[in-house]
Amino acid sequence: MEPRVAYLWLIPALPLLAAGVGCVAPRNGRRLAAGAAIAAMLGALVLSCFALHLALADPSAHLVYNFRWFDLGNGAVRLGLLLDPLNGLMCVMVSLVGLLIFIFSLGYMDADENFTRFFCFLSLFAAAMLCVVVANSLLLLFIGWELVGLASYLLIGFWFHRPAAAAAAKKAFITTRIGDLGFLLGLVWLYDTTGSLLLYDGGNGVLESHVLGDLATQVLAGGLAASTAIGLLIFCGAVGKSGQFPLHVWLPDAMEGPTPVSALIHAATMVAAGVFLMARIFPLAAADQGLAAAPVHVLTVVAGIGAVTALMGAAIAVAQHDLKRILAFSTVSQLGYMMLALGVGSWVAAIFHLLTHAFFKALLFLGAGSVIHAAHHEQDIRNLGGLRSPMRATYATFSVGMMALTGVPFVFSGFWSKEAILHAASEWNVSHLPLYAGLAGVVLTAFYMTRLLCEVFWGAPRSPAAAHAHESPAVMTVPLVVLAVGAVALGFLGTPAWPWLQSQLTGEAVPAHSLLEGGGLMALSIVLVATGLGAGWALYGRRLRATAGADDPLAAAAPRLFAFLGARMKLDELYAATVGRLNTFAAALAVILDRWVWGGAVGFLARFGEFTGSVNRGVDEGGLNAGFDSISERIRGAGRAYSRAQTGETHGYLRALAVAFVVLALLALLGGGQ
């Protein structure tokens, strides 16, 4: 047990303390709330850097600090903290990107009357995510996981006076709870089977070899291994949190929150939690790979879901008009790529893409926020245009993010992390379908991002809001520049020529190799990127939109397909027509059962009780009590009459005896005469 790891609790504790400060700060305590939040994130970043330095000293080690939380029966519930290169890098990424988003929020939320409350919620969100990252116990991770869900509900619905924002917050909370129910069942099953939820515990943790071997050899009905069932249940939580099909529907609607919230949720924190979770429990998810007779494997399901999500998200993004929703569906697609990488067995490639995506997607969302702030909250790309000249810094940094996301070769980080995923998919011996989905997504990503850049920044302004746009203040543009640098530089940590990141994550030396190895797939990917860029330029760059009401070129070429994609493949309507109606039917059935069956039964029993009570009262009062009372009254009357004869006078008694004697004598004479 590593004593220095015990101080990891300070990393989430600092933003949690800042959230407490923001909670008690008055509404006009803007400097106090914002200052505490930014200082806490800066402190968390410094501590995260020290933690990463400690982890990189021995990349193959898992440094843990486990402790007793409370006693339970004859045992105890134990929690723990963990440090290795995986969560060391995650801590640095979350705290750094979070810090830049916090600073950007100073300018973006400056005019909001609930500025103080906003920073309180941001700090709570960051604390919850950092708790997820440093946990060595799945129970502690789940606690942070649920706090992330609560904080996302508060932030998505921050402008709760808007019905759309309130509805989006409820949708996000309920949808992710569906996945979390599976996650919780998986944890209960795992604890019941192993007696622990600690990841590493001196050989007895749930990710350690002999425990995994026991789980893989426990065969359930149908030939399913216990490790498979538990892994799939835990994956349900990742599906909800990371916006995977079919629980992705909440993520685009989360755009109703302030744009810094979108950057925080869609880049470095909430949606990354699911990918991080699956990377963390990868040994458990892969425990059934040696079981050839198993009907299904966890990683196969993960790869399939990831491939579908990557292609679907990219396709839907092509036909969206809302600036933030295009980026939201792009996030869905990129998260699909990460899950695809996990499924084909390369959790390292998934984490590489997670880290690069955090920078360039945060850059894109904050760049969109800069545009929305400058254009008086206009975010329909048809009403923008011509922003390249008045917003040079935003345009330049947004272009860097666009090229990193698109995968423009050799310079931008997204190219290297995307290539790592595609090469891993090409080597998967189960199926090449995930590879084909990934390659199709490459074309679509380049296409919709070119469309977005042309519509927003090129041409002439198409609305008064765009015509009067101006560059954002330095407090907003400086974080964009820092993120742009990261979107370029981070990729060089994992190039084939210098696979430093891969070596640190695996704890093993990964040999460098030439770009010519596997160069055919890389060349194909570059051609596909060029194809997407060229198609986007041909449709949207050569013929720039003249007016906001002009037809979209793609809509004119394929109106039905464009409308279908613009309606999000009508999945929300499908859910409303199936799951929604089923839920309505179940609710109506519950009302019938409650009011007429259970309520009727309770009412009948109540009325029966009243009837038996009245009968009992009649028998008791009118029968038993009345008869007893009448006899008692007669006895009392006789007693009273007899008592009147008891005067205590001797002369009276003698007279009564004389009268009685006379009467008896007469009776005797009369009787004798007869």
Side-chain angles (χ1 to χ4, degrees), residues 267 310-311 313-314 317-318 326-327 329-331 333-338 341 349 352-368 388 392-423 425 435 438-458 480-498 501 515-516 518-542:
L311 185 56
V318 166
I326 295 172
L327 297 178
F329 279 107
S330 171
T331 299
S333 178
Q334 297 304 307
L335 290 168
Y337 275 101
M338 298 175 207
F352 186 19
H353 198 57
L354 186 154
L355 295 173
T356 61
H357 178 266
F359 280 86
F360 63 67
K361 188 51 66 69
L363 171 59
L364 288 169
F365 269 111
L366 294 186
R388 179 172 48 175
R392 294 184 181 276
T394 299
Y395 170 68
T397 52
F398 193 93
S399 299
V400 171
M402 173 263 185
M403 287 185 281
L405 171 59
T406 300
V408 173
F410 307 123
V411 176
F412 299 97
S413 61
F415 170 76
W416 299 112
S417 57
K418 177 202 65 179
E419 287 303 311
I421 293 174
L422 294 178
H423 277 79
L435 173 63
L439 291 173
V442 168
V443 181
L444 293 173
T445 302
F447 178 81
Y448 69 70
M449 287 307 298
T450 304
R451 170 179 179 260
L452 175 60
L453 196 70
C454 293
E455 294 276 55
V456 173
F457 291 100
W458 294 354
L480 297 180
V481 174
V482 176
L483 288 170
V485 172
V488 173
L490 193 60
F492 294 106
L493 299 179
T495 63
W498 187 50
L501 183 65
L515 297 181
L516 297 178
L521 181 59
M522 181 180 292
L524 175 60
S525 175
I526 293 173
V527 170
L528 293 176
V529 170
T531 301
L533 293 173
W537 169 256
L539 286 179
Y540 297 96
R542 288 197 309 166

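Positions are given from 1, in the same order as the sequence printed here.
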> Does Tyr395 offer a backbone N or O that forms a donor-acceptor pair with the side chain of Arg388 under 3.5 Å?
Replying inline: no
>> Ignoring hydrogens, what is the shortest heavy-atom contact between Leu311 and Ala440? Give both atom names and the distance.
In response: CD1-CB, 3.6 Å
> Thr356 and Ser413: side chain to side chain donor-acceptor pair (under 3.5 Å), yes or no, with the steps?
Replying inline: CA-CA 6 Å; Thr356 61; Ser413 61; 4.7 Å; no
> Which word best sums up how the rings of Phe457 and Phe398 line up, parallel for under 30°, tilted for 30 to 60°, or perpendicular for over 60°?
Replying inline: tilted
> side-chain contact (heavy atoms from CB on, under 4.5 Å) between Leu521 and His423: does it pass, once the steps are laid out?
Replying inline: CA-CA 7 Å; Leu521 181 59; His423 277 79; 4.0 Å; yes
>> Checking Leu422 against Leu435 for the side-chain contact (heavy atoms from CB on, under 4.5 Å) test, could you report, in this order, the C-alpha distance in whole Å, the side-chain angles of both residues, the deciding distance, and whether it holds?
In response: CA-CA 6 Å; Leu422 294 178; Leu435 173 63; 4.2 Å; yes
>> Is any side-chain heavy atom of Thr397 closer than 4.5 Å to one of Leu483?
In response: no
> If you take all heavy atoms of Ala317 and Phe329, which pair is closest and at what distance?
Replying inline: CB-CB, 3.8 Å
> Do side-chain atoms of Thr495 reach the backbone of Gly491 as a donor and acceptor pair under 3.5 angstrom?
Replying inline: no
> Can you find a pair of side-chain heavy atoms, one from Lys418 and one from Val442, that are under 4.5 Å apart?
Replying inline: yes
> Judged by atom type as modelled, is there a donor-acceptor pair below 3.5 Å linking the side chain of Thr450 to the main-chain atoms of Trp537?
Replying inline: no
> With no hydrogens and no angle check, is any side-chain donor or acceptor of Thr445 less than 3.5 Å from a backbone partner on Gly441?
Replying inline: yes
> Do you know which two heavy atoms are closest between Phe352 and Leu501, and how far apart they sit?
Replying inline: CD1-CD2, 3.3 Å
> Where does the angle between the aromatic ring planes of Phe360 and His357 fall among parallel (under 30°), tilted (30 to 60°) and perpendicular (over 60°)?
Replying inline: perpendicular
> Is it the case that Lys361 and Ser330 place a side-chain donor and acceptor less than 3.5 Å from each other?
Replying inline: yes
> Do you know which two heavy atoms are closest between Leu524 and Leu439, and how far apart they sit?
Replying inline: CD2-CD1, 3.9 Å
> Can you find a pair of side-chain heavy atoms, one from Ile526 and one from Phe410, that are under 4.5 Å apart?
Replying inline: yes
>> Could you check, using the six-membered ring where one of them is a Trp, whether Trp416 and Trp498 have ring centers closer than 6.0 angstrom?
In response: no
> Short question: side chain of Ser333, backbone of Gly313 - any donor-acceptor pair under 3.5 Å?
Replying inline: no
> Would you say the side chain of Phe447 lies within less than 4.5 Å of the side chain of Thr531, judging by non-hydrogen atoms?
Replying inline: no
>> Using every non-hydrogen atom in the two residues, find where Tyr448 and Leu405 come nearest and quote the distance to one decimal.
In response: OH-CD2, 4.4 Å
> When rounded to the nearest 0.5 angstrom, what is the spacing between CG in Leu490 and CZ in Phe359?
Replying inline: 6.0 Å
> Do Leu364 and Met449 pass the side-chain contact (heavy atoms from CB on, under 4.5 Å) test, and can you show the C-alpha distance, the side-chain angles, and the key distance before you say yes or no?
Replying inline: CA-CA 11 Å; Leu364 288 169; Met449 287 307 298; 4.1 Å; yes
>> Is any side-chain heavy atom of Phe415 closer than 4.5 Å to one of Val408?
In response: no
> Which is it for Leu327 and Leu452 under the side-chain contact (heavy atoms from CB on, under 4.5 Å) test, yes or no, and what are the steps along the way?
Replying inline: CA-CA 9 Å; Leu327 297 178; Leu452 175 60; 4.0 Å; yes
> How close do Leu533 and Ala446 get, heavy atom to heavy atom, and via which atoms?
Replying inline: N-CB, 3.7 Å
> What distance do Leu354 atom CG and Met338 atom CE have between them, rounded to the nearest 0.5 Å?
Replying inline: 5.0 Å
>> Is it the case that the side chain of Tyr540 and the backbone of Glu455 share a donor-acceptor pair, with hydrogens and angles ignored and the cut-off at 3.5 Å?
In response: no
